[in-house]
Amino acid sequence: MLAMTEEEHVMALQRSDEKLRYIINNLIKRPEERSVAEDSMIKNYVLRESILYRTVESNGQIERVNSTLVPVLQTNMTNEGSWDKKLLEVESQLNNSPNKTVGDTSFHILYGYHASFHDGVLRFITIGEEYEDVDKLQEQARVNIEKEQVKWKNRYDQKHTKPVKYKVGEVVFLRRPAIHTGESTKVQPKFRGPLIINKVLPNDVYQVTDVTVKEVRQYVTTTHAFHLKVYRVGADCDNVPNHITDENKKATDSDQVQIDEKEKTEE
């Protein structure tokens with residue numbers, strides 16, 4: 001019996017896993033044969049020489065933590081190789097630094113008193129600090145957080161517009177995620193279509209399907225309005241079905257009505 005190479009062993013392990021096998025099968029499909037859900041599942045994966053790899057993608061929460069953690073680490077490090085030896089010290093510094101939103105330090109809210117470090121009892125002699133009720137501190141922290149959340153929501157609402165409302169029968173384009181093949185994705189088509197609104201669902205979600213009926217499987221998917229774009233047909237275009245032109249005119253009229261309403265509200 002011939003021994004398996006390392007690559008062959010990896011391929012066999014990947015295909016023995018049901019989830020990985022499903023991802024590989026979707027990567028092999030042609031882009032037009034995949035649904036939006038399948039495109040979303042494989043967006044972080046790429047197939048190279050029959051071996052599945054996962055691409056590194058930034059995570060918003062991790063980046064938010066790193067934006068605070070990394071500068072503190074850099075100020076405490078003596079060299080690039082000593083960052084792991086400073087983690088406990090950095091953790092202590094962050095837990096005892098006042099938070100702008102909460103209005104207090106994490107340590108004080110949790111324990112009811114401020115931490116004493118290398119100064120020992122001298123801190124209590126000079127400051128005369130007393131224990132505070134943690135329930136009251138935590139309640140005040142919640143109030144402060146809720147106030148800041150309201151402020152951030154108002155700022156967000158001022159900069160973001162409400163999604164466009166579509167009706168059944170309107171013709172649209174659907175934004176499609178980039179297909180990771182190991183090459184640049186800049187020249188890939190950004191939208192899929194034309195498609196037609198088939199059903200209006202709650203919370204600005206729509207079911208869309210192909211405009212023309214095909215002999216193969218009909219493309220049907222659900223998506224949010226933010227991923228849709230009105231399909232506009234120029235008046236001088238030839239070989240355009242009448243129903244597409246008519247629905248495009250309705251979509252344009254619908255957009256204009258929403259723009260007029262917005263202008264009246266601003267006035």
Side-chain angles (χ1 to χ4, degrees), residues 19 21-47 55 57 60 156-157 159-181 183-266:
K19 181 180 178 181
R21 188 169 63 250
Y22 178 76
I23 294 173
I24 292 172
N25 291 336
N26 282 314
L27 283 169
I28 296 173
K29 288 182 181 178
R30 292 184 298 178
E32 59 271 15
E33 295 178 347
R34 293 196 292 259
S35 66
V36 174
E38 291 172 340
D39 280 335
S40 178
M41 173 172 283
I42 66 174
K43 69 178 182 178
N44 295 330
Y45 295 90
V46 61
L47 201 61
T55 58
E57 192 170 272
Y156 179 89
D157 293 342
K159 296 181 180 179
H160 293 77
T161 57
K162 295 181 179 180
V164 177
K165 300 291 184 182
Y166 297 96
K167 298 178 181 179
V168 173
E170 291 191 34
V171 181
V172 295
F173 270 129
L174 173 63
R175 189 182 303 275
R176 62 185 302 171
I179 302 170
H180 297 278
T181 60
E183 299 179 356
S184 175
T185 61
K186 293 182 179 179
V187 296
Q188 292 183 6
K190 299 297 187 294
F191 291 90
R192 178 174 189 161
L195 304 170
I196 192 167
I197 301 292
N198 191 36
K199 186 184 297 183
V200 179
L201 302 173
N203 300 321
D204 299 314
V205 177
Y206 300 88
Q207 184 184 82
V208 296
T209 184
D210 287 321
V211 171
T212 56
V213 179
K214 300 178 181 179
E215 295 181 359
V216 295
R217 186 180 66 174
Q218 190 78 359
Y219 178 79
V220 180
T221 189
T222 56
T223 184
H224 192 271
F226 280 123
H227 301 297
L228 296 176
K229 178 180 180 182
V230 176
Y231 180 62
R232 305 186 186 281
V233 181
D236 56 345
C237 290
D238 298 328
N239 301 324
V240 179
N242 293 331
H243 69 281
I244 293 183
T245 307
D246 294 340
E247 296 300 340
N248 179 71
K249 183 177 183 303
K250 293 178 182 178
T252 304
D253 294 341
S254 175
D255 287 350
Q256 187 60 45
V257 169
Q258 294 187 43
I259 293 173
D260 294 340
E261 292 178 350
K262 183 178 180 181
E263 290 177 350
K264 291 180 181 179
T265 304
E266 292 177 351

(request) To the nearest 0.5 angstrom, please state how far the NE2 atom of H227 sits from the OG1 atom of T222. (result) 10.5 Å
(message) What's the separation between atom CG in L27 and atom CG in D39, rounded to the nearest 0.5 Å?
(response) 9.5 Å
(message) Is the ring pair Y166/Y206 parallel, tilted or perpendicular, if the boundaries are 30 and 60 degrees?
(response) perpendicular
(message) Can you confirm whether L195 sits close enough to T221 that some side-chain heavy atom of one is under 4.5 Å from a side-chain heavy atom of the other?
(response) no
(request) Just say parallel, tilted or perpendicular for the rings of F226 and H224, cut-offs at 30° and 60°. (result) parallel
(request) Taking the side chain as every heavy atom from C-beta outward, state whether K167 and I197 have any atom pair closer than 4.5 Å. (result) no
(message) Suppose we screen for ring pair (Phe, Tyr, Trp, His ring centres under 6.0 Å). Which residues come up paired with Y219, at least two apart in sequence or across chains?
(response) none
(message) Between R30 and E33, does any side-chain N to carboxylate O distance fall below 4.0 Å?
(response) yes
(message) Going by the rule side chain to side chain contact (heavy atoms under 4.5 Å, CB included), which residues pair with N26 if we only count those two or more places apart in sequence or in a different chain?
(response) Y22, K29, R34, E38, I42
(request) Any pair with a residue in residues 218-230 that passes salt bridge (Lys or Arg N to Asp or Glu O under 4.0 Å), sequence neighbours left out, goes on the list, sorted by first then second residue, please. (result) none
(message) Within the structure provided, determine whether L228 and V164 are in side-chain contact (heavy-atom separation under 4.5 Å).
(response) no
(request) Name all pairs fulfilling the side-chain hydrogen bond (donor to acceptor under 3.5 Å, both in side chains) condition that reach into residues 187-196, sequence neighbours left out, sorted by first residue then second. (result) none
(request) Would you please name every residue forming a side chain to side chain contact (heavy atoms under 4.5 Å, CB included) with T209, sequence neighbours left out? (result) I196, N198, Q218, V220
(request) Apply side chain to side chain donor-acceptor pair (under 3.5 Å) to D157 and list each qualifying residue two or more places apart in sequence or on a separate chain. (result) K153
